[in-house]
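Every chain is numbered from 1, with letters handed out A, B, ... down the list of sequences.
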Protein chains: 2
Amino acid sequence: MIKKQAASTHDVRSPRNDGAAARMSDVARVARVSLMTVSRVLREPDKVLDVTRERVDAAIRQTGYVHNALAGGLRSQGRTKVVAAVVPSVRNSLFAGTLQGLADALRADGLRLALGDSDYSKAEETALIRAFLSLRPSGLVVHDAIRSTALRSVLARAAIPVVEVGDLSRRPFDLAVSYSNRLAAATMTRHLLERGYRRIGFVSLSPRLTRRALERLTGFETALREAGLEPDPELIAEAQPGFAEGGRTLVELVARRARPADAVFFAGDVHGIGAILEARRQGWDVPGKVAIAAFDDVEIAPEITPALTCLRIPRYEIGFEAGRRIIARLHGDPDESTRAVDLGFRLIVRAST
Amino acid sequence: MIKKQAASTHDVRSPRNDGAAARMSDVARVARVSLMTVSRVLREPDKVLDVTRERVDAAIRQTGYVHNALAGGLRSQGRTKVVAAVVPSVRNSLFAGTLQGLADALRADGLRLALGDSDYSKAEETALIRAFLSLRPSGLVVHDAIRSTALRSVLARAAIPVVEVGDLSRRPFDLAVSYSNRLAAATMTRHLLERGYRRIGFVSLSPRLTRRALERLTGFETALREAGLEPDPELIAEAQPGFAEGGRTLVELVARRARPADAVFFAGDVHGIGAILEARRQGWDVPGKVAIAAFDDVEIAPEITPALTCLRIPRYEIGFEAGRRIIARLHGDPDESTRAVDLGFRLIVRAST
DNA sequence: CTCGTCGATGTTAACGTTACCAGACAACAG
DNA sequence: CTGTTGTCTGGTAACGTTAACATCGACGAG
């Protein structure tokens, strides 16, 4: 009597697909196991016998198999193990610290970061977020606040953790990990007032370009009014990105005004550094003739002469905490009560004020 | 006689899925068309009648539908409209120019950039590339050369355009758009030799950290030997990333050597800037006591005093051309003959040499 | 008046993976 | 020797989209 051999799927049924990228069934055939066993080796290796797992691992190496997150994500929750992040500009190294923290936090949970650059355009930001959402990421981090209602409703349906990291002034859409631009700017302004400066200039990127510039301006004006001073429109200027613009606006506020500034607070980009360099070119004493303060503690700020007074934003920590919150949410951990986390800032007083 | 109404799929068959993210079938139901028509509106709108398209567009807005690239990519070529890029560090603004160019070029073709950061780790780079490949991108841009054989075979099977942008010294794995680190370093070294410097120091990141450092060192040594000089190991130093390290190594090569350097070529990171700042702190005349040259034309290089002599790498153009090549390849355009494109560099001579 | 063509829309069957359940078999208690 | 439990592995049906083909009128040539 001939015993009929039980036919199982992993016998010969799946056609060899030479040349093309290996699929899970190719690995299964080589390892002489079923598809499901390969799938398990990749996702829950503990549930597979050691010898089997080794055979499968060898087959994976042999075939050069790369997991297909499209198929996998489609079938399971509909999510991929990617967190998307959108920043206004990757050229600006300030955002880089946050991204580093974020990537580090996510790595611990096997999540990867996919980064996009909106180039300070709201339309591009929306398009980018939609493009990323189409990849069904596990989470989203945005540097700007979510404002458009279209975006809000799309994100609400996506049902993924969304973290805003650029400012803390509004009620967050979902989660926020950040600092208060308004409070930080007010703190620096008070510092300048305490030092005795009264004609304080303010330079930032255009408030039309980014909401943060407006928040900082508001903080600046509030602090002045607290001290009984009325902000002088003559001493408020906008600058384009880049070192050189810091120098240009410094000269404008100090040398081209009937009543010149005795201090200038550079609230955006790397303008503070450019201003220090320009002051030296002009032969101006800093802070004797004019004090200079900046918003961000860029790497070169303590190295330059005179060293630059500035605010230190815990950028790395913001990114890291954002990542932690996303992971916690994905694991279904009870919400850590607060949806908005304020990581604060520090005033670093150096020689320039 | 009651005429039986023809039953079509878009009647009532698909269950309403309230709350959950909208699917294409939800849009189809709302717009009273079939699934395929919705799909066509999204991908080839010309093939759909205007009135129909408008109905579908309205339904898309109403439902808040977001395309599912997982399902779409899975069914079609198995690709998503994303190009993945992997750089050693997003903190380093030098890579940012290339990424900007890349993103700009890709945008023209409806492609998005997804960026990852390997943190200068080969293992992490490989893991990151695998993770991105699992999302089935349309192309891949890597800053470092593809070296490991495991990665090479995986990428070969992926059958997507791969562009290396960090160096041009090796035969590219697939495509390369870059410049020659060796030639650039040699050019700067010859410039210093022409100026009459003979004890030229060389500072870079560890050649173990990145292949590019080794290429630059080789170019430096080659140029010296051409001029009949033997490189002095006493004048070759490694530095960690960061401004401060530039200052430290400058002091080391100038003040801690029996026969001090009369010029130092900083081949990595922002060390050149740090060195200029340190020289001023020390009260050293630049270039009188020691000349300082740097590899990269960072934004601040012309602003500082003395302005820094350096090499200008066309970073934006490299990114843009890399994007163009990827798009051309995806469209099946005949290979523009050359697989390796050399976009060169320029020597910018300023006051520091 | 018929037939072929063309443009707009619809139907069906995949794409490669994983959730869910079922089967096989070993170990062990009674 | 039987029944029960537990561990490992396998079969099958989705997930939401699109390629390929099918259908259905309208329209013009012959």
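- Not one side-chain nitrogen or oxygen of A/S34 sits closer than 4.0 Å to the OP1 or OP2 atom of D/dG11.
- Here the CZ atom belonging to A/R107 is positioned 4.5 Å from the CD atom belonging to B/E124, to the nearest 0.5 angstrom.
- One finds the OG1 atom of A/T80 at 11.5 Å from the CG atom of A/L74 (value rounded to the nearest 0.5 Å).
- The CZ atom of B/R55 sits 12 Å away from the C1' atom of C/dA8 (whole-angstrom rounding).
- Remark: C1' of C/dG7 and NZ of B/K47 are 10 Å apart, rounded to the nearest angstrom.
- In this structure, B/R32 places its CZ atom 12 Å from P of C/dG10, rounding to the nearest Å.
- Distance B/D46 CG to C/dC6 P: 18 Å, rounded to the nearest Å.
- Atom CG of B/D50 is separated from atom C1' of C/dG7 by 13 Å (rounded to the nearest Å).
- Counted by atom type alone, A/D167 and A/H143 present zero donor-acceptor pairs between their side chains at under 3.5 Å.
- For the pair B/R339 and B/E164, the salt-bridge criterion is not met [side-chain N within less than 4.0 Å of a carboxylate O].
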For nucleotides 17-26 of chain C, just jot down a letter per nucleotide in 5' to 3' order: B, S or -, based on protein non-hydrogen atoms under 4.0 Å.
-> BBBB------

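- Here the straight-line distance linking atom CG of A/L140 with atom CZ of A/F132 works out to 9.0 Å at 0.5 Å rounding.
- Nucleotide D/dT17 holds its P atom 14 Å from the CG atom of A/L135, rounded to whole Å.
- Rounded to 10 degrees, the angle separating the terminal helix axes of the helix from C/dC1-D/dG30 to C/dG30-D/dC1, each built from five base pairs, is 50°.
- Between B/L74 and B/L49, the residue anchored closer to the 5' end of DNA chain C is B/L49, taking for each the nucleotide with the nearest heavy atom.
- Taking all atoms of both residues into account, the shortest heavy-atom contact from A/L42 to A/H67 is CD1-CD2, 4.4 Å.
- Using a cutoff of 4.0 Å between basic side-chain nitrogens and carboxylate oxygens, B/E317 and B/R324 are not scored as salt-bridged.
- When the salt bridge (Lys or Arg N to Asp or Glu O under 4.0 Å) test is applied to B/D174, the partners found at least two apart in sequence or on another chain are B/R329.
- Remark: A/L113 CG to A/L99 CG distance equals 6.0 Å, nearest 0.5 Å.
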